[in-house]
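This is a predicted model, so every value here is computed, not measured. All residue numbers refer to positions in the sequence shown, counting from 1.
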Amino acid sequence: MSGSRAEILGRIRRALSDVPRTETPRDTPVPRGYLTSHSPADPVDLLARNLADYRARVHRTDAAGLPALIARLLAERGSASVIAPEGVPAHWLPSAVRRVEDSASLSAHDLDAVDSVVTGCAVAVAETGTLVLDGGPGQGRRRITLIPDHHICVVRVPRQVVDSVPQALRRLSPASPQTWISGPSATSDIELDRVEGVHGPRTLEVVLAGEDKAARQVSDRPGRWNR
């Protein structure tokens, strides 16, 4: 055993010398008074700035303007087809674009032929600029957000925005498959040159969509950007 390893293990043994061998970690509660948030003044604005820092394209609109904005983003991309999972309202998508229904029968090759994907999200984290999808309504299977090259993700603000990761975890079930997205897929593994689109969509567009008063009442969930 190396000297450093022996020293570390020795320190651990000494620290545990007064702990009975029958005691388990659950027997002695440890107070964990950690901060769960740094309480940003405007979580939505912080989310927008951090998403932009990750090279996501951030847009803001209200509920009424959401369909027109999505139609514009798809037109600017030149998308002729879009996959939208169950739960994405039909009126979000323009009639001129072919909607591909999400199905387990779609292969990776089929999904690669789709121009864009439009989804919602489960929660968005302001402090890290992260979107979390958990397969719930409007989010679909994980693969539909990894294979098409263009992803439009709609975040309902402010109710789907939390300050921090600990707050996000409280809203998520560990039994659900989760995809955490911080900007478009990218790597700098080769000679530190940034390459986007290696592990997922090359282009991520995030729409921060405000809600009308009625929509906020039925829910108990609590830079640079384009307008």
message: So which atom in Val162 and which in Gln167 form the shortest heavy-atom distance, rounded to 0.1 Å?
response: CB-OE1, 3.7 Å

field: Approximate separation, where rounding is to 0.5 Å, of Leu66 CG and Thr61 OG1
entry: 6.0 Å

task: With the side chain counted from C-beta on, respond yes when Arg98 and Ser81 share a heavy-atom pair under 4.5 Å apart, and no when they do not.
output: yes

- request: Any pair with a residue in residues 75-91 that passes salt bridge (Lys or Arg N to Asp or Glu O under 4.0 Å), sequence neighbours left out, goes on the list, sorted by first then second residue, please.
  value: Arg72-Glu76, Arg77-Asp149

message: Hydrogens and angles aside, do Thr203 and His151 bring a side-chain donor and acceptor to less than 3.5 Å of each other?
response: no

- prompt: Mind checking what makes salt bridge (charged side-chain N to carboxylate O under 4.0 Å, His left out) contact with Asp102, not counting sequence neighbours?
  reply: Arg141

Interatomic distance, Arg60 atom CZ to Asp45 atom CG [nearest 0.5 angstrom]: 5.5 Å

Under 3.5 Å, which donor-acceptor pairs link side chains of residues 104-112 to any protein atom two or more places apart or in another chain?
{"unit_1": "Ser105", "atom_1": "OG", "unit_2": "Ser103", "atom_2": "OG", "d": "2.8"}
{"unit_1": "Ser107", "atom_1": "OG", "unit_2": "His109", "atom_2": "N", "d": "3.4"}
{"unit_1": "Ser107", "atom_1": "OG", "unit_2": "Asp110", "atom_2": "N", "d": "3.1"}
{"unit_1": "Ser107", "atom_1": "OG", "unit_2": "Asp110", "atom_2": "OD2", "d": "3.1"}
{"unit_1": "Asp110", "atom_1": "OD2", "unit_2": "Ser107", "atom_2": "N", "d": "3.0"}

- request: Using the side chain to side chain contact (heavy atoms under 4.5 Å, CB included) rule, pick out the option among Ile144, Leu146, Ile147 that qualifies with Val117.
  value: Ile144

query: Atom CD of Gln178 and atom CG of Asp134: how far apart are they, to the nearest 0.5 Å?
result: 6.5 Å

- prompt: What pair of heavy atoms forms the shortest contact from Val58 to Ala48, and how long is it?
  reply: CG2-O, 3.8 Å

message: Under 4.5 Å side-chain heavy-atom separation, chaining through any Ile, Leu, Val, Met, Phe, Trp or Tyr, what else clusters with Tyr34? Say none if it is isolated.
response: none

message: Pairing donors with acceptors under 3.5 angstrom, does anything connect the side chains of Ser37 and Ser164?
response: no

task: Using salt bridge (charged side-chain N to carboxylate O under 4.0 Å, His left out) as the criterion, list what pairs up with Arg11, not counting sequence neighbours.
output: Glu7

- request: Taking the side chain as every heavy atom from C-beta outward, state whether Arg142 and Pro177 have any atom pair closer than 4.5 Å.
  value: no

message: Membership question, hydrophobic clusters at under 4.5 Å side-chain separation (ILVMFWY): are Ile70 and Val114 in the same one?
response: no

query: Is there a path of hydrophobic side-chain contacts, each under 4.5 Å between heavy atoms of I, L, V, M, F, W or Y residues, that connects Tyr54 with Leu51?
result: no

- line: dist Trp92:CH2 -> Leu74:CG (nearest 0.5 Å) comes out at 12.5 Å

- line: Sorted by chain and residue number, the salt bridge (charged side-chain N to carboxylate O under 4.0 Å, His left out) partners of Arg55 (sequence neighbours excluded) come out as Glu196

Identify every side-chain donor-acceptor pair in residues 120-127 under 3.5 Å, counting partners at least two apart or on other chains, and give the distances.
{"unit_1": "Glu127", "atom_1": "OE2", "unit_2": "His38", "atom_2": "N", "d": "2.9"}
{"unit_1": "Glu127", "atom_1": "OE2", "unit_2": "His38", "atom_2": "ND1", "d": "3.3"}

query: Hey, are the side chains of Leu204 and Arg57 touching, using non-hydrogen atoms and a 4.5 Å cut-off?
result: no

field: Gap between atom OG1 of Thr119 and atom CD1 of Ile83 - 0.5 Å precision
entry: 11.0 Å

field: Heavy-atom closest pair, residues Ala56 and Val206
entry: CB-CG2, 4.3 Å

query: Sequence neighbours excluded, which residues qualify as side chain to side chain contact (heavy atoms under 4.5 Å, CB included) partners of Pro137?
result: none

task: Check Trp180 against Ala168 and note the closest heavy-atom contact, atom names and distance.
output: CH2-CB, 4.5 Å

field: Non-neighbouring partners of Ser173 that pass side chain to side chain contact (heavy atoms under 4.5 Å, CB included), sequence neighbours left out
entry: Ala175, Ser176

message: Please tell me whether Val100 and Val97 are part of a single hydrophobic cluster in this structure, the criterion being side-chain heavy atoms less than 4.5 Å apart.
response: no

task: Enter the distance from Thr36:OG1 to Asp163:CG here, rounded to the nearest 0.5 Å.
output: 8.0 Å

message: For residues 15-36, which residue pairs pass the salt bridge (Lys or Arg N to Asp or Glu O under 4.0 Å) check, not counting sequence neighbours?
response: none

task: Please report the shortest heavy-atom distance between Arg171 and Val161, naming the atom on each side.
output: NH2-O, 4.5 Å

message: According to side chain to side chain contact (heavy atoms under 4.5 Å, CB included), who are the partners of Arg99, at least two apart in sequence or on a separate chain?
response: Ala84, Val88, Ala90, Leu93, Glu101

query: Between Val207 and Val155, is any pair of side-chain heavy atoms under 4.5 Å apart?
result: no

field: Test side chain to side chain donor-acceptor pair (under 3.5 Å) applied to Thr130 - qualifying residues, sequence neighbours left out
entry: Thr128, Ser182

- request: Taking all non-hydrogen atoms of both residues into account, name the closest pair between Asp115 and Ala80 and its distance.
  value: OD2-N, 2.7 Å

task: Spell out, yes or no, whether Ile8 and Val19 are grouped together once hydrophobic residues are joined by side-chain heavy atoms under 4.5 Å, including indirect joins.
output: yes

